[in-house]
Structures are given as C-alpha cells and as structure tokens.
Amino acid sequence: MPRGTTVLAIPPPLDGARSDRPPHLLRPSEVVADATRNVLIRDGWLVNRPGFLQISATPTTGRPMGLHLYTTPSTERIVVGTTTTLQVFDGSGWTTLQTIATLPNDHVRFVQFYASSIFYLLASSRGFGIQAWDGMAATTTPITPVLAATDLTAAANRVLVANLIQADLVWYPFRVRWSGYNDPLTYAVADFADLVATQGPIMAIRALSRVDAAVYKTDSQWIAVAQPGLFPFRFEMRDQKPGPVSPAVVVSAEGQHVYLAGDGGLYTFDGQRATHVGEPIRRYIQRTLQADVLVRAHGFYSRRDRQVWFVFPKAGDDGPTQAVSLDVDTGDASCSCPGWKFGKA
C-alpha cells in the first residue's frame, strides 16, 4: 500500500487521563485512563514510564515497610524499616540498627528532630515502640514509656505521635501524644488528646507548618495548633471528607497535602478544607484497587516533575503494583502499571 503525503499532527493528551467520561466524549487533549498504563506526559511529550536504578545488589532483611532519607548538613543516608529490622545503607549494603517485628499492613514511619546538637531520627510502627537514632550509634535506642505509633511528625518544637498502642498494651486509635519542648525522647503521661468527635481512627499526622500539624482520621480532617500555656496544642476539626488509606499516602507538595482516600479519590488539604481533585481518574482507581490490602499504599512527590505519585495494590495483588500520578500545577492525571511491587522484598 502506498503511503499518503498528508502529515497529520497528533497532539499528546496534555489534559491527562480520564475515567469519568465515555471514550467518544473525550477531547483530543484527553486520553482514556486505561491507555496510559505504560506512558507518561512529561514536558509536553509522551514518554515511556521511568525505570529504576539499583543502589545495591544486597536486599534488605525483611519486607520494606518504610523508607527515609536521613539528612544532616554534612551527610545523607538511606534508612529503611522492614517487617523485621531497621537498617541503614552504608554505600554498598545494609547494616542492621535494630531488630523489630511488624506486620505487612503496618507502615514504618520516620521523623527527624534536631535537639541538643543531635540530629535524631525517630522510627515507629504499630508493631514496635518508638526507636531513636543519633546518626552515629551502631544501634537505635527504644523510648520509654513504650509508644507504638501509627504515625508521627514534628511541629512547634515537639514530636507528635498518633494512633497508639501504649505500655499497657491498650490501643488508643483516637489519641495524639506529644513530646517535651525540644525533647523528642520524653513523653509525659498527661500530654495527650483524644479526638473522639468522629468515630474513625487516626490514620496519619503530618506537619503543615512550623507551628501546626494536620491530623487525618479515616472520616475527618483536624489540625493541631500550637498555643501558649500548659496545654501546648489545641485541636480543631476542619472537615469531614474521606481520609487517607494509610499513613504513607499523605504527601506534602507545594504548601498543601495530597492523599489517596478510601473512596478512590485524590484529595488536597491546606489546613482549612479537604478538596477532591481526582475525579478524572476516581472510577479507574475504584475498579483497579484491591480493597482489603489498600492500607499498603504509598505516596511520594517528584519535585523534578511536580507530580504526586500513589502506588497501591491492584486487583489480585497483595502489594502495590498500580500507580497514578497527579500534576500539582495543572491537576492532570495519569495511570501506570509499573510491573513491580513497591514494598516487596
């Protein structure tokens, strides 16, 4: 067959993927969500989804459940929490800092805190109590009393920890506790608040600014605001939208938080209101996800591309194998099926 001579320009779908309209109603600048599994829109071009760079041929001990880039003015080191260990990357392999025990649904969460000329790294999960590392010691040190926290953050010169199993082995799903002033290792017995106005447990806590933090329950959004006096924080409920599916899907990006919710929606929260921004691909996420292990989802922000990424288990999988991204400037979304399991050893 002879080729034609007329050149037709096929524009890339700069307005992103959609699953909320039938294909025949999409504009030329939009694309069916299922058609974006292996490509991304980057700088106006359609490109293959990015690959990976191996940093070590030695695997971690246990299934990775959380990752942190420990940073000081003079060094950067990767710290990972798995189902069995806390480990630090030494440049070629992994060195164990502490033996722990946590479950595949319990994320290992981290926060850094500078006090007394020490760059502390705190790690916790519902499976083990908070561990502190000074960046130099060969092992971490457990904090007493035992506080096994679902999530933790730092604001107003204190560490805040949320959704706890305390030393009495009782689960406190609505509780937030905080450390002493400029003291991430001390937690007074009376320094806590129980957020019981709604029945959803706390899923995540994340700093919004130096003096306040967002507290995410499964059914509402709160803020902890620093104040003078004996009670250093006041807690206010700001909205009642669906909350994040895991503590690891709340992503800080350009002055707000973006998260993946249990209804398949993507939401932003700026401390005032939670706003649904993921309608174009919400139906795609709903029909793709594996609901019973959705708590294993993760999120991260690619500052280079100004995109927030979420990876979650797709139907039939027990680890995150499906990804969606959201452009923080345009709101355009894309979907990807990476062929790998984020969080699988």
Side-chain angles (χ1 to χ4, degrees), residues 63-69 80-81 102-111 124-126 149-153 162-163 173 200-208 213-222 239 241-271 274-279 281-282 284-286 288-303 306-314 317-328 331 333-336 338 340-344:
R63 176 177 181 156
M65 297 305 300
L67 194 70
H68 181 82
L69 184 62
V80 64
T102 193
L103 298 174
N105 284 350
D106 295 332
H107 294 266
V108 178
R109 304 295 297 154
F110 298 92
V111 68
S124 187
S125 168
R126 288 219 318 165
T150 297
D151 203 5
L152 64 173
T153 194
N163 191 338
I202 296 173
M203 183 59 76
I205 186 168
R206 197 79 79 254
L208 274 168
V215 184
Y216 294 93
K217 304 183 74 176
T218 57
D219 58 0
S220 55
Q221 294 74 38
W222 300 60
D239 213 335
K241 301 282 178 49
V245 299
S246 85
V249 299
V250 180
V251 180
S252 296
E254 306 304 322
Q256 62 184 348
H257 294 164
V258 188
Y259 66 88
L260 171 64
D263 66 345
L266 304 181
Y267 289 80
T268 61
F269 182 62
D270 60 2
T275 303
H276 177 48
V277 295
E279 184 59 26
I281 58 170
R282 180 172 61 90
Y284 176 85
I285 296 173
Q286 286 177 340
T288 304
L289 60 83
Q290 182 66 35
D292 59 336
V293 288
L294 190 55
V295 70
R296 300 180 184 180
H298 295 252
F300 60 92
Y301 179 42
S302 173
R303 190 174 298 279
R306 298 180 65 82
Q307 292 177 331
V308 178
W309 282 83
F310 299 100
V311 285
F312 57 89
K314 75 177 190 299
D317 287 337
D318 67 345
T321 51
Q322 178 65 47
V324 297
S325 65
L326 184 74
D327 188 296
V328 297
S334 65
C335 312
S336 178
W340 43 266
K341 292 194 175 184
F342 186 90
K344 292 284 281 186

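Only heavy atoms go into these numbers, but all of them, side chains included; no hydrogens, no water, no symmetry mates.
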Applying side-chain hydrogen bond (donor to acceptor under 3.5 Å, both in side chains), can you list everything that pairs with [X], at least two apart in sequence or on another chain?
X	answer
D106	none
R126	none
D263	Y267
T153	none

Can you list everything that forms a side-chain contact (heavy atoms from CB on, under 4.5 Å) with [X]? Sequence neighbours excluded, please.
X	answer
D239	Q221, K241, R273, A274
V328	A253, E254, Y301, R306, V308
T268	Q256, V258, T275, V277

Ring pair (Phe, Tyr, Trp, His ring centres under 6.0 Å) filter on F110, not counting sequence neighbours, yields H68
Could you tell me which residues satisfy ring pair (Phe, Tyr, Trp, His ring centres under 6.0 Å) with F312, sequence neighbours excluded, listed by chain and number?
-> none
Would you say [X]'s side chain and [Y]'s backbone share a donor-acceptor pair under 3.5 angstrom?
X	Y	result
R206	V251	no
K217	G200	yes
H107	V295	yes

For S246 and A297, the nearest pair of non-hydrogen atoms, with its separation, is OG-O, 2.8 Å
Which pair of heavy atoms, one from A149 and one from S124, lies closest together, and at what distance?
->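 So the two residues come closest at N-OG, 2.9 Å.
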Rounded to the nearest 0.5 angstrom, the CZ-CG distance for R296 and L103 is 9.5 Å
To the nearest 0.5 Å, tell me how far N163 CG sits from T150 OG1.
-> 3.5 Å
